[in-house]
Amino acid sequence: MADTPVLQLYNTLTRSKAPFAPIDPDNVRMYVCGPTVYDFAHIGNARPVIVFDVLYRLLRHLYGADHVTYARNITDVDDKINARALRDFGAEISDGRLSLNEAIGRVTEKTANQFHADVAALGCLPPTHEPRATDFVRPRRDGKADMITLIERLISRGHAYVAEGEVLFDTASMEDYGQLSKRNLEEQQAGARIAVDAHKKNPGDFVLWKLSSPEEPGWESPWGRGRPGWHIECSAMSAAYLGETFDIHGGGLDLIFPHHENEIAQSRCAHGTKVMANVWMHNGFVQVEGRKMSKSEGNFVTIHELLHEERFGGRAWPGEVLRLAMLMTHYREPIDFSVKRLEEAERLLAKWPAGGDAEKGRIDETVLAPLLDDLNTVAAVQALHALSGRAAPDDFAASAALLGIAPKKASLSGALEAEIAAAVRTRLDLLKARNFAEADKIRDDLLAKGIQLKDGKDPATGERVTTWEAKR
RNA sequence: GGCCUCGUGGCGGAGUGGUUACGCAGAGGACUGCAAAUCCUUGCACCCGAGUUCGAUUCUCGGCGAGGCCUCCA
């Protein structure tokens, strides 16, 4: 009897790895900050989605598929969205053909759909819950947590105050503010470039609610018609689906401060709890050609472009390749997204057996073990590669599925397959006749169409056996 | 100015106080009519300096270098 496998996870809160112990093994709860839907998701946005998808799959394997709850929000209220709506639908709005809210709806709907298509192509399972911020602004009929109620509670508990039409979180009211990012507010202020707002008690205080002008989107609230600050949505939605305290909270490195720090402050102060989530996990950045990806650098690559256009390396890339390339670096390390790296991932994938049934197979220990060590996908990929030569196809598929990889045979039309089979037979006949020139012409023609022939020997008879593989 | 990461062969990337993975690419070979595929073999590294130690790539300190956060950001 093997030992019960123990999952070790690196916790940003303690800056160390520790064994993972769920609050309730029957319901392991994880929250990951999702996209703000104003534009195509870029390859950097894909990293947390893929990384935490692997963790989700691993948790489902360890605790059972029905015992893991994964919530990932969609942020559909944000000033960037408003700006995008005005940019894209400005004419319609000024004509009166479209209200701003309708235009915002179009932007968020289109972007959210695109996001779903992108991450599905990357082999990510949908989360258990995918709440939208706009559904959690005002108190809900179902009694789930909402932003306005949270803000009211923060005010009544003395953790927030109203000033100049804004509701602000009072960072000084929380004794241990700054634990996640290891920031000490007093020290921080010396050289920081925090804009000094006169209405803030402390420079680190942040907005929970701000008033909207008539043309800005807004919701009625005790403080007037307005909209929520950036952080409060995650406090509300995580509480709504995972409770006041839950197991794992994930996101990108850059969210540690201020976003996650402030989420913690809001949630803990509103609920009077010692912790918001036990384990905080953060993935590293994606760089492109060795530099931070940013619009000003001009190296901004969207998932959509990689999948469907020929912008990166002059060709489109299958989602599986992008996913594997992403998992070939440990999630906490920076990753340099390059053509070379994608090519290597594609080569690996091409060598792996396709068509196994993951449902029927068993996950191999050598693939599972490294994942238990803080999601060491690099070692898991290597173990999978070692496995590819010796495992039964179903077992290989089951092990690959843990990483969300399902090697597929290139699907060709039946007619094309028949055509290839006929060409192969003709070639074999020509070879028997030692007509190499004609035989090679068939091979070259097929290769030009992307069909690579591979000759082998039947081990028993020594006869030539030809198989083929579709390149790309 | 404050805080946080990180520096391993051509590339990717584990790991360890002593014997230095692995993958890709490269080289050589086997096989083949020739290729491809496959198999075998193989070269190549632990940023610099000091310290601790019998011994450091691994521990400590310092330096150099890279990146990130402190303002919207995965």
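In the text below, chain A, chain B and the rest are named by the order of the sequence lines, each starting its count at 1. Quick caveat: nothing in here was measured; it's all calculated off a predicted structure.
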Novice: Is the shortest distance from a Lys or Arg side-chain nitrogen in A:Arg315 or A:Glu346 to a carboxylate oxygen in the other one below 4.0 Å?
Specialist: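 Salt bridge: yes.
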Novice: Counting any heavy atom closer than 4.0 Å, what does A:Thr467 reach on the DNA or RNA strands: base, sugar-phosphate only, or nothing?
Specialist: nothing
Novice: Round to the nearest Å and state the distance from A:Ile442 atom CD1 to B:rA36 atom C1'.
Specialist: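 From A:Ile442 CD1 to B:rA36 C1': 16 Å.
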Novice: For B:rA56 and B:rG43, measure between their C1' atoms and round to the nearest Å.
Specialist: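 The same atom, C1', in both gives a distance of 25 Å.
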Novice: Counting any heavy atom closer than 4.0 Å, what does A:Asp78 reach on the DNA or RNA strands: base, sugar-phosphate only, or nothing?
Specialist: nothing
Novice: For residues A:Phe312 and A:Trp317, establish whether the separation of their ring centroids is below 6.0 Å.
Specialist: no
Novice: Below 3.5 Å, does any donor atom in the side chain of A:Asp336 face an acceptor in the base of B:rG12, or the other way round?
Specialist: no
Novice: Just by modelled atom types, is the A:Phe246 backbone N or O under 3.5 Å from a matching donor or acceptor in the A:Arg29 side chain?
Specialist: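 No, because the side chain of A:Arg29 does not come within donor-acceptor range (under 3.5 Å) of the backbone of A:Phe246.
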Novice: What is the separation between atom OH on A:Tyr10 and atom P on B:rC4, rounded to the nearest whole Å?
Specialist: 11 Å
Novice: Could you measure between the two C1' atoms, the one in B:rU20 and the one in B:rG33, and give it in whole Å?
Specialist: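 The same atom, C1', in both gives a distance of 44 Å.
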Novice: Between B:rG68, B:rG23, B:rG33, which nucleotide has the shortest distance from any of its atoms to the side chain of A:Leu253?
Specialist: B:rG68
Novice: In whole angstrom, give me the gap between the P atoms of B:rA25 and B:rG1.
Specialist: 46 Å
Novice: For the backbone of A:Thr467 and the side chain of A:Lys454, can you confirm whether one donor and one acceptor N or O come within less than 3.5 Å of each other?
Specialist: no
Novice: What nucleotide, of B:rG33, B:rU5, B:rA74, holds the atom closest to the side chain of A:Arg15?
Specialist: B:rU5
Novice: Determine the Euclidean distance between corresponding P atoms of B:rC59 and B:rU5; express it in Å to zero decimal places.
Specialist: 14 Å
Novice: Given B:rC69, is OP1 or OP2 found less than 4.0 Å from the side-chain N or O atoms of A:His259?
Specialist: no
Novice: Using 30° and 60° as the class boundaries, would you call the ring planes of A:His249 and A:Trp280 parallel, tilted or perpendicular?
Specialist: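 Geometry flag for A:Trp280 against A:His249: parallel rings.
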Novice: Provide, to the nearest angstrom, the distance between the CG atom belonging to A:Leu342 and the P atom belonging to B:rC24.
Specialist: 17 Å
Novice: Which is true for A:Arg332 with a 4.0 Å heavy-atom rule: it touches a base, it touches only sugar-phosphate, or it touches nothing?
Specialist: nothing
Novice: Nearest to the A:Asn45 side chain among B:rA74, B:rG23, B:rG12, which nucleotide is it?
Specialist: B:rA74
Novice: Using a 4.0 Å heavy-atom cut-off across all strands, classify A:Gly34 as base, sugar-phosphate, or nothing.
Specialist: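 Contact class for A:Gly34: none.
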Novice: For atom C1', what is the distance between B:rG10 and B:rU19, given to the nearest Å?
Specialist: 26 Å
Novice: Does any donor-acceptor pair link the side chain of A:Arg443 with the base of B:rC34 at a separation under 3.5 Å?
Specialist: yes
Novice: Between the base of B:rA14 and the side chain of A:Asn376, is there a donor and acceptor pair under 3.5 angstrom?
Specialist: no
Novice: Without decimals, in angstroms, what is the distance between A:Phe40 CZ and B:rA74 C1'?
Specialist: 18 Å
Novice: Nearest to the side chain of A:Glu344, which nucleotide is it out of B:rC34, B:rC24, B:rG15?
Specialist: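 So the side chain of A:Glu344 is nearest to B:rC24.
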Novice: Looking at the side chain of A:Arg427, which of B:rA74, B:rG33, B:rU5 is the nearest nucleotide?
Specialist: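 So the side chain of A:Arg427 is nearest to B:rG33.
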Novice: Which of these nucleotides, B:rC6, B:rA74, B:rG12, is closest to any side-chain atom of A:Pro48?
Specialist: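 Nearest listed nucleotide: B:rA74.
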Novice: Distance check: side-chain N/O of A:Lys351 vs OP1/OP2 of B:rC24, anything under 4.0 Å?
Specialist: yes
Novice: In Watson-Crick or G-U wobble terms, both distances under 3.5 Å, what is the partner of B:rG65?
Specialist: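 Here B:rG65 is engaged in a pair, and the nucleotide opposite it is B:rC6.
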Novice: Would you kindly say whether A:Tyr70 and A:Asp53 are connected by a side-chain donor-acceptor distance under 3.5 Å?
Specialist: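 Judged by distance alone, the side chains do not pair up.
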Novice: Mind checking the C1' distance from B:rU16 to B:rA45? Whole angstroms is fine.
Specialist: 15 Å
Novice: Both distances below 3.5 Å, Watson-Crick or wobble geometry, any strand: find the nucleotide opposite B:rG1.
Specialist: B:rC70
Novice: Sequence neighbours left out, cut at 3.5 Å: what donor-acceptor pairs do the side chains of residues 107-119 of chain A make with other protein atoms?
Specialist:
residue, atom, partner, partner atom, Å
A:Thr108, OG1, A:Ile104, O, 3.2
A:Thr108, OG1, A:Gly105, O, 3.1
A:Glu109, OE1, A:Arg132, NH1, 3.3
A:Thr111, OG1, A:Val107, O, 2.6
A:Asn113, ND2, A:Glu109, O, 3.2
A:Gln114, NE2, A:Asp118, OD1, 3.1
A:Gln114, NE2, A:His304, ND1, 3.1
A:His116, ND1, A:Ala112, O, 3.3
A:His116, NE2, A:Glu130, OE1, 2.5
A:His116, NE2, A:Glu130, OE2, 3.2

Novice: For A:Lys454 and for A:Phe436, locate the closest nucleotide of RNA chain B by heavy-atom distance; then report the residue assigned to the nucleotide nearer the 5' terminus.
Specialist: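 Nearest nucleotide further toward 5': that of A:Phe436.
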Novice: Give none if B:rU38 has no partner; otherwise give the nucleotide forming a Watson-Crick or G-U wobble pair with it, both distances under 3.5 Å.
Specialist: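 Checking every strand shown, B:rU38 finds its partner in B:rA30, with both distances under 3.5 Å.
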Novice: Please determine, for B:rU20, whether a Watson-Crick or G-U wobble partner exists with both distances under 3.5 Å, and give it or none.
Specialist: none
Novice: Using the six-membered ring wherever Trp is involved, compare the ring planes of A:Phe206 and A:Phe169 and label them parallel, tilted or perpendicular (cut-offs 30° and 60°).
Specialist: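 Judged by the thresholds at 30° and 60°, the geometry between A:Phe206 and A:Phe169 is parallel.
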Novice: Would you indicate what A:Leu431 reaches in the nucleic acid, counting non-hydrogen atoms under 4.0 angstrom: base, sugar-phosphate, or nothing?
Specialist: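 It contacts base atoms.
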Novice: Is A:His330 touching bases, backbone alone, or none of the nucleic acid, heavy atoms closer than 4.0 Å?
Specialist: sugar-phosphate
Novice: Check A:Asp39 with A:Arg84, please: is the shortest side-chain N to carboxylate O separation under 4.0 Å?
Specialist: yes
Novice: What is the distance, rounded to the nearest whole Å, between atom CD1 of A:Ile335 and atom C1' of B:rU5?
Specialist: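 These atoms are roughly 16 Å apart.
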Novice: Could you measure between the two C1' atoms, the one in B:rC46 and the one in B:rG12, and give it in whole Å?
Specialist: 15 Å
Novice: Under 3.5 Å, is there any donor-acceptor pair linking the side chain of A:Gln287 to the base of B:rG67?
Specialist: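 Looking at the base of B:rG67, it does not pair with any donor or acceptor on the side chain of A:Gln287 (distance under 3.5 Å).
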Novice: Return the value, rounded to whole Å, for the distance between atom CG of A:Leu13 and atom P of B:rC4.
Specialist: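 My rounded result for the distance is 14 Å.
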Novice: From the set B:rA74, B:rG33, B:rG13, return the single nucleotide nearest to any side-chain atom of A:Val378.
Specialist: B:rG13
Novice: Using purine N1 to pyrimidine N3 plus N6-O4 or O6-N4 for Watson-Crick, or N1-O2 and O6-N3 for G-U wobble, both under 3.5 Å, which nucleotide pairs with B:rC59?
Specialist: B:rG51
Novice: Would you say that more than 12 heavy atoms from the other residues, nucleotides or ligands in this model lie under 6.0 Å from the CZ of A:Arg106, or not?
Specialist: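 Count not over threshold, so no.
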Novice: What's A:Gly251 touching, base or sugar-phosphate or nothing? Going by heavy atoms closer than 4.0 Å.
Specialist: sugar-phosphate
Novice: Tell me which of A:Cys33 and A:Met328 sits closer to the 5' end of RNA chain B, going by the nucleotide each one is nearest to.
Specialist: A:Met328
Novice: With sugar-phosphate meaning primed atoms plus P, OP1 and OP2, does A:Ile256 contact a base, only sugar-phosphate, or nothing at under 4.0 Å between heavy atoms?
Specialist: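 Contact class for A:Ile256: none.
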Novice: Starting at NZ of A:Lys200 and ending at C1' of B:rU71, how long is that distance when rounded to a whole Å?
Specialist: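 It is 10 Å, rounded to the nearest whole Å.
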Novice: May I ask you to say what A:Asp79 touches in the nucleic acid, namely base, sugar-phosphate or nothing, with a heavy-atom cut-off under 4.0 Å?
Specialist: nothing
Novice: What does A:Arg347 touch in the nucleic acid at a heavy-atom separation under 4.0 angstrom: a base, only the sugar-phosphate, or nothing?
Specialist: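 Sugar-phosphate contact only - A:Arg347 comes under 4.0 Å of backbone atoms but never of a base.
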Novice: Under 4.0 Å between a side-chain N/O of A:Thr329 and OP1 or OP2 of B:rG13, yes or no?
Specialist: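 It does, given that an N or O in the side chain of A:Thr329 lies less than 4.0 Å from OP1 or OP2 of B:rG13.
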Novice: From CD of A:Glu343 over to P of B:rG10, roughly how many Å is that when rounded to an integer?
Specialist: 20 Å
Novice: Looking only at atom C1', what distance separates B:rG13 and B:rC6, rounded to whole Å?
Specialist: 14 Å
